[in-house]
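The structure under discussion appears below in the form of structure tokens.
Count residues from 1 along the sequence.
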Amino acid sequence: MHTPGSNVSGYIVLMIVQIIFLVLFWLFVRYEKAALPAPIEAEDAGSANEHVSKYPQFQDIQVMIFIGFGFLMTFLRKYGYSATGYTLFMAALVVQWAVLMKGFLHMEGGKISLSLESIIDADIAAAVPLISMGALLGRTTPIQLLCMSIFEVALFAANEYLALNVLSICDCGGSITVHAFGAYFGLAVALMLRPASDQNDAGKHEGANYVSDIFAMIGTTFLWVYWPSFNSVLAEGSGGERAILNTFLSLAAATVTTFVVSALVSHENKLDMVHVQNSTLAGGVAVGTVCNLLLGAHGAVLIGIIAGTVSVLGYRYLTPWLTRNLRLHDTCGVHNLHGMPALISAIASAIVASMVTPDDYQSELQDIFPAMVGNNGTTTKIMGGLGRNASSQAGYQLFGIAVTLLIAIGGGVLAGAVMKYTSFRNLAKDEQHQDEQYWEVPAVENKEE
């Protein structure tokens, strides 16, 4: 039985983790050269200005992470404090941990270089456990979220390094390394924490009301508006502008498609707010991996149409099937918003990569497909040999998503098993999807059923 004051030990653990981060930052993290005062004789501030120029996009990503994700998860009518509060907590925690974990993989002279770009990378990494949290929303304790996030981000950093630096896949908007990883890790944890067969029905607080759905739409709107920045911030050269254009067109097409398909498949042919809140964003995920490529406007629109259709059908048919047959409770439907659209993006990347020639991207080939450099007679040391051809790069794109799924699902199963079978306290069914367990809630709210 959960009693007042039993949360204290958990919050002490949280503070200990923060102190450990303090020590690690003190020992290993140093400002990069551009963030240090320049010598008196130095006049060139180009490097520093280059990083500062990304600050507007950094702000956009901050809005997505802290406001967009947080409010999108407020649809549960009695879980608004937790949805927004835990998003703030987890993002603040993960940003620090991601700076360290990703920095350890790229250390120079035994130190981690801290720059605006490394903070942007860490912000993007924060999306990974937030996506996973969406699958588990309302069914975990803060200490479970803490431990899951610590393990997941470490595994994410290793998988991202493998995908981008070893396999050398193209994934500008992170659909493979961020969205697919976060979705399937979270789903694997949810599968391990699934309820007993006699408790598979929805909890009494697992639902929305009119006001909570409107608040969730605030999150949708912020995510929709700022998604082009999320996909384009790490793009190089003219690829950044292509990423913005392709992402916007894909989002627009997915949104129109969502409204049409939702009306066609929903009861009485009325719009379903769940579809509007989530599937309208599927285009941003589905175009992520290929957003900086030469898709053409028609390619971006086509991806958006496919993503919106698949996402709505997933919410309408697949999610209920998974709940009914596998007892897999995906609270936010991350499989439909992040998982399947990420698979679409990976497939699209293989198709586009199979048609790439060095002449298509000119000097940008090194930034977009570095392992393909060499087909014009030069050589590259990536993967220890000559540059790949287009069909080989397409194969590596598919291999990258396969490895990511394997690592994410395996890691999620392991994390879920630890959360379920060790000394972690698991919420009882009547404690789920409500704020009262861990928040001071006004008395009038406590009396509502």
Ignoring hydrogens and geometry, is there a side-chain-to-backbone donor-acceptor pair from [X] to [Y] under 3.5 Å?
{"X": "Gln277", "Y": "Asp213", "answer": "yes"}
{"X": "Lys54", "Y": "Glu117", "answer": "no"}
{"X": "Ser250", "Y": "Val287", "answer": "no"}
{"X": "Asn246", "Y": "Cys291", "answer": "yes"}
{"X": "Thr84", "Y": "Gly70", "answer": "no"}
{"X": "Arg194", "Y": "His329", "answer": "no"}
{"X": "Asp435", "Y": "Tyr81", "answer": "yes"}
{"X": "Gln57", "Y": "Ser53", "answer": "no"}
{"X": "Thr74", "Y": "Gly80", "answer": "no"}
{"X": "Asn159", "Y": "Leu155", "answer": "no"}

Just do the side chain to side chain contact (heavy atoms under 4.5 Å, CB included) check on Leu427 and Thr140 with the steps written out, would you?
-> CA-CA 6 Å; Leu427 294 175; Thr140 52; 5.8 Å; no
Min side-chain heavy-atom separation [X]-[Y] under 4.5 Å:
{"X": "Ser82", "Y": "Tyr438", "answer": "no"}
{"X": "Tyr361", "Y": "Leu293", "answer": "yes"}
{"X": "Ile407", "Y": "Phe181", "answer": "yes"}
{"X": "Ser168", "Y": "Pro370", "answer": "yes"}
{"X": "Leu318", "Y": "Leu313", "answer": "no"}
{"X": "Asp360", "Y": "Ile368", "answer": "no"}
{"X": "Ile169", "Y": "Phe399", "answer": "no"}
{"X": "Thr221", "Y": "Phe71", "answer": "no"}

Is it true that atom [atom1] of [X] has more than 12 heavy atoms of other residues, nucleotides or ligands lying nearer than 6.0 Å?
{"X": "Phe222", "atom1": "CZ", "answer": "no"}
{"X": "Gln362", "atom1": "CD", "answer": "yes"}
{"X": "Phe66", "atom1": "CZ", "answer": "yes"}
{"X": "Gln59", "atom1": "CD", "answer": "yes"}

Looking only at heavy atoms, what is the nearest atom pair of [X] and [Y], with distance?
{"X": "Ala98", "Y": "Ala125", "result": "CB-CB, 3.7 Å"}
{"X": "Ala188", "Y": "Val413", "result": "CB-N, 3.7 Å"}
{"X": "Ala348", "Y": "Ile303", "result": "CB-CD1, 4.2 Å"}
{"X": "Leu398", "Y": "Ile347", "result": "CD2-CA, 4.5 Å"}
{"X": "Ser232", "Y": "Ala243", "result": "CB-CB, 3.6 Å"}
{"X": "Pro129", "Y": "Val94", "result": "CG-CG2, 3.6 Å"}

Evaluate the ring planes of [X] and [Y], with Trp represented by its six-membered ring, and classify them as parallel (under 30°), tilted (30 to 60°) or perpendicular (over 60°).
{"X": "Tyr79", "Y": "His433", "answer": "perpendicular"}
{"X": "Phe151", "Y": "Phe185", "answer": "tilted"}
{"X": "His179", "Y": "His338", "answer": "parallel"}
{"X": "Phe89", "Y": "Tyr86", "answer": "perpendicular"}

Distance from Ile218 atom CD1 to Leu223 atom CG, nearest 0.5 Å?
->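 If we round to the nearest 0.5 Å, Ile218:CD1 and Leu223:CG are 12.0 Å apart.
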Roughly how far, to the nearest 0.5 Å, is the CD1 atom of Ile65 from the CD atom of Gln62?
->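 Rounded to the nearest 0.5 Å, the CD-CD1 separation comes out at 8.0 Å.
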After noting the C-alpha distance and the side-chain angles of Thr87 and Met133, does the key distance pass the side chain to side chain contact (heavy atoms under 4.5 Å, CB included) rule?
-> CA-CA 9 Å; Thr87 296; Met133 185 177 102; 3.8 Å; yes
Hey, are Glu206 and Lys78 close enough for a salt bridge, meaning a charged N less than 4.0 Å from a carboxylate O?
->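 Between Lys78 and Glu206 there is no salt bridge, as every charged N stays at least 4.0 Å from the carboxylate O atoms.
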Option among Val274, Leu281, Val276 that satisfies the side-chain contact (heavy atoms from CB on, under 4.5 Å) test with Asn278 =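 When side-chain contact (heavy atoms from CB on, under 4.5 Å) is applied between Asn278 and each of Val274, Leu281, Val276, only Val274 qualifies.
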Apply the side-chain contact (heavy atoms from CB on, under 4.5 Å) test between Gln144 and each candidate in Met419, Lys420, Arg425; give the one that qualifies.
->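 Testing Gln144 for a side-chain contact (heavy atoms from CB on, under 4.5 Å) against Met419, Lys420, Arg425 leaves exactly one candidate, Met419.
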Quick one about [Y] and [X] (side-chain donor to acceptor, distance below 3.5 Å, no hydrogens or angles considered), yes or no?
{"X": "Ser266", "Y": "Asp272", "value": "no"}
{"X": "Gln18", "Y": "Gln96", "value": "yes"}
{"X": "Thr319", "Y": "Asp330", "value": "no"}
{"X": "Ser279", "Y": "Thr258", "value": "no"}
{"X": "Ser349", "Y": "Gln397", "value": "yes"}
{"X": "Arg242", "Y": "Ser238", "value": "yes"}
{"X": "Asp171", "Y": "Thr177", "value": "yes"}
{"X": "Asn231", "Y": "Thr247", "value": "yes"}
{"X": "Trp224", "Y": "Thr280", "value": "no"}
{"X": "Tyr184", "Y": "His335", "value": "yes"}
{"X": "Ser392", "Y": "Asn389", "value": "yes"}

Yes or no on side chain to side chain contact (heavy atoms under 4.5 Å, CB included) for Phe369 and Val356, after CA distance, side-chain angles and deciding distance?
-> CA-CA 9 Å; Phe369 293 110; Val356 166; 3.7 Å; yes
Applying ring pair (Phe, Tyr, Trp, His ring centres under 6.0 Å), run through Phe259 and His275 and close with a yes or a no.
-> CA-CA 8 Å; Phe259 276 79; His275 302 160; over 10 Å; no
Carefully, step by step, assess Ser118 and Asp121 under the rule side-chain hydrogen bond (donor to acceptor under 3.5 Å, both in side chains).
-> CA-CA 5 Å; Ser118 62; Asp121 276 337; over 6 Å; no
Are Arg388 and Tyr396 in a cation-pi contact, defined as NZ or CZ under 6.0 Å from the six-membered ring centre and within 45° of the axis?
->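 That pair qualifies as a cation-pi contact.
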Start with the C-alpha distance between Asn336 and Ser311, add both sets of side-chain angles, then the distance that settles side-chain hydrogen bond (donor to acceptor under 3.5 Å, both in side chains), and finish with yes or no.
-> CA-CA 5 Å; Asn336 310 307; Ser311 181; 5.9 Å; no
Run the side chain to side chain contact (heavy atoms under 4.5 Å, CB included) check on Tyr421 and Asn426 step by step: do they pass?
-> CA-CA 9 Å; Tyr421 297 113; Asn426 291 295; over 6 Å; no
